[in-house]
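Reading through the structure tokens given below for one structure.
Order of the sequence lines fixes the chain letters, A, B, ..., with proteins taken first and strands second; residue numbering starts at 1 for each chain. Everything quoted here is computed from the prediction, not taken from an experiment.
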Protein chains: 2
Amino acid sequence: MGVEGEQTVTRRREIVLTSAAEFIRSGYAGTSMSAIARALGMQKASLYHHFPGKEDLFVACIDEAFSGTHHRLEAIAADRGMTVRDRLNTALDELYDIYLGREMGMMPALIAEAAARIPSIGEQFFDGLFAQQDAAIMAIIDQGIAAGDFAVDNRKALVHMIFGPIVMASMSVQMLSGSTRADSLLPLDEVRQGHKQMLMAAITRRG
Amino acid sequence: MGVEGEQTVTRRREIVLTSAAEFIRSGYAGTSMSAIARALGMQKASLYHHFPGKEDLFVACIDEAFSGTHHRLEAIAADRGMTVRDRLNTALDELYDIYLGREMGMMPALIAEAAARIPSIGEQFFDGLFAQQDAAIMAIIDQGIAAGDFAVDNRKALVHMIFGPIVMASMSVQMLSGSTRADSLLPLDEVRQGHKQMLMAAITRRG
DNA sequence: GTCTATATTTCGATAGAC
DNA sequence: GTCTATCGAAATATAGAC
């Protein structure tokens, strides 16, 4: 691949990252192609040269947001230099860092919103990229079950108890983005530590 | 209050309920005043006779969605005909029925989206109507703590572990609204029962 | 690959008759 | 209280020069 090809890839990725930030802040319908072009410092027509339309650009944003996370979780699951409990703890920290650091927790809400306009998008990502993240986390928990450390009654519910509070924290951050009292109303570190501790307690095998 | 007044109240409530359903399905920016008027079988100009603008109509939808829930939870907390565990269990069922029955779990996502356009809305409802629901649930849990049945380390995290999975389930329903495999991909009853059991286990005092 | 200019539709909101 | 008609702005998307 030559220099031009690499630059094209970089440019495309730059567009996707900027677009994702705009979608996260203003929603799918609330983000215009003009606003994205403005944030990139380019003209709207130039944006349409890289992506055929708004829907395609949005799908690219979802792929970008979730594909990387999936692989990072799998790398943690494969790291046998840690105990299973440490692997799970590291994976949960990774999820919090990614979901809150880039406000990626708004993505499920965005997809739910866009699903009314782009029918295929909902099932495609619930059963695709979401399922991959679920599987990566559950793989670590299955390691703990095999080792006799963990016990899980309801796997589907556990997934919701892992991702639900993280997604809700991200939405709350967005909700309070214009508030000066955001830090006191939503103590993120406290919620994060408490969430991790309650999760660990919930799956730790007793006896 | 005369007949005309009552009809006006009813008409206003009818508009709010229909609007809320439209906002939930298509998002704040994605829902036009024309679409709401069409769903009501009236003209757009008639809609503007009842509400001065889209923002005011949206705020009315949020109030309608959350004010009733708050009072129903408080009624459960005050019912001493049940054990504390049964009160909490009933309150959680009430939350699931309301949040999933009317897809009210999309409201936090809607408010997060609208917060970028209506700056006051985020803090107002996080610190207002949300906080009232949190307090109503925590009041029941505090009854259990006082009775020696429950023990809670991190109250903020517990609130996220109660509402997070419910909100996420509601968003997933929206996400899969166009899917024929929704029931198998998202077994709502299974998730609900598992969530309740894990919550109960997490706050039950041991020893 | 980026630009200016524009086509077409839809948006929130209003005026005024009835 | 509901309607028809309409305004100005902004939306997605395209045409075509450079």
**OP:** Step through the shown structure and confirm whether more than 12 heavy atoms of other residues, nucleotides or ligands are within 6.0 Å of CG on B/D79.
**Re:**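 Count over threshold, so yes.
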Subject >> CG (B/D86) with more than 12 external heavy atoms under 6.0 Å >> reply: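 Enclosed.
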So does [Y] get a backbone contact from the side chain of [X], meaning a donor-acceptor N/O pair under 3.5 Å?
| X | Y | answer |
| --- | --- | --- |
| A/E94 | A/L73 | no |
| A/K54 | A/T31 | yes |
| B/Q143 | B/A77 | yes |
| B/R117 | B/A29 | no |
| A/H160 | A/K156 | yes |

**OP:** Return each pair, listed once, that meets side chain to side chain donor-acceptor pair (under 3.5 Å) where at least one residue sits in residues 19-30 of chain A; pairs must be two or more places apart or across chains.
**Re:**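 Qualifying pairs, neighbours excluded: A/E22-A/R25.
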Original post:
So which pairs with a foot in residues 166-178 of chain B pass side chain to side chain donor-acceptor pair (under 3.5 Å), sequence neighbours left out?
Top reply: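 Every side chain to side chain donor-acceptor pair (under 3.5 Å) pair that includes a residue of residues 166-178 of chain B, provided the two are not neighbours, is B/E103-B/S170.
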**OP:** Name the residue closer to the 5' end of DNA chain D, choosing between B/R117 and B/G41 according to the nucleotide with the nearest heavy atom.
**Re:**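 Per heavy-atom nearest nucleotide, the more 5' residue is B/G41.
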Original post:
When Watson-Crick pairs (N1 to N3 and N6-O4 or O6-N4) and G-U wobble pairs (N1-O2 and O6-N3) count only below 3.5 Å on both distances, what is the dot-bracket string of DNA chain D, with | for other-strand pairs?
Top reply: ||||||||||||||||||
**OP:** Please work out which residues in residues 43-53 of chain A have a non-hydrogen atom less than 4.0 Å from an atom of DNA chain D and list them by number.
**Re:**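 Only A/K44, A/A45, A/Y48, A/G53 qualify.
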**OP:** Report the residues that fulfil ring pair (Phe, Tyr, Trp, His ring centres under 6.0 Å) with A/H195, sequence neighbours left out, ordered by chain and then residue number.
**Re:**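 Expected list: A/Y96.
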Original post:
Under a criterion of less than 4.0 angstrom to any heavy atom of chain A, what are the 5'-terminal and 3'-terminal contacting nucleotides of DNA chain D?
Top reply: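 The footprint of chain A covers D/dA11 to D/dA15.
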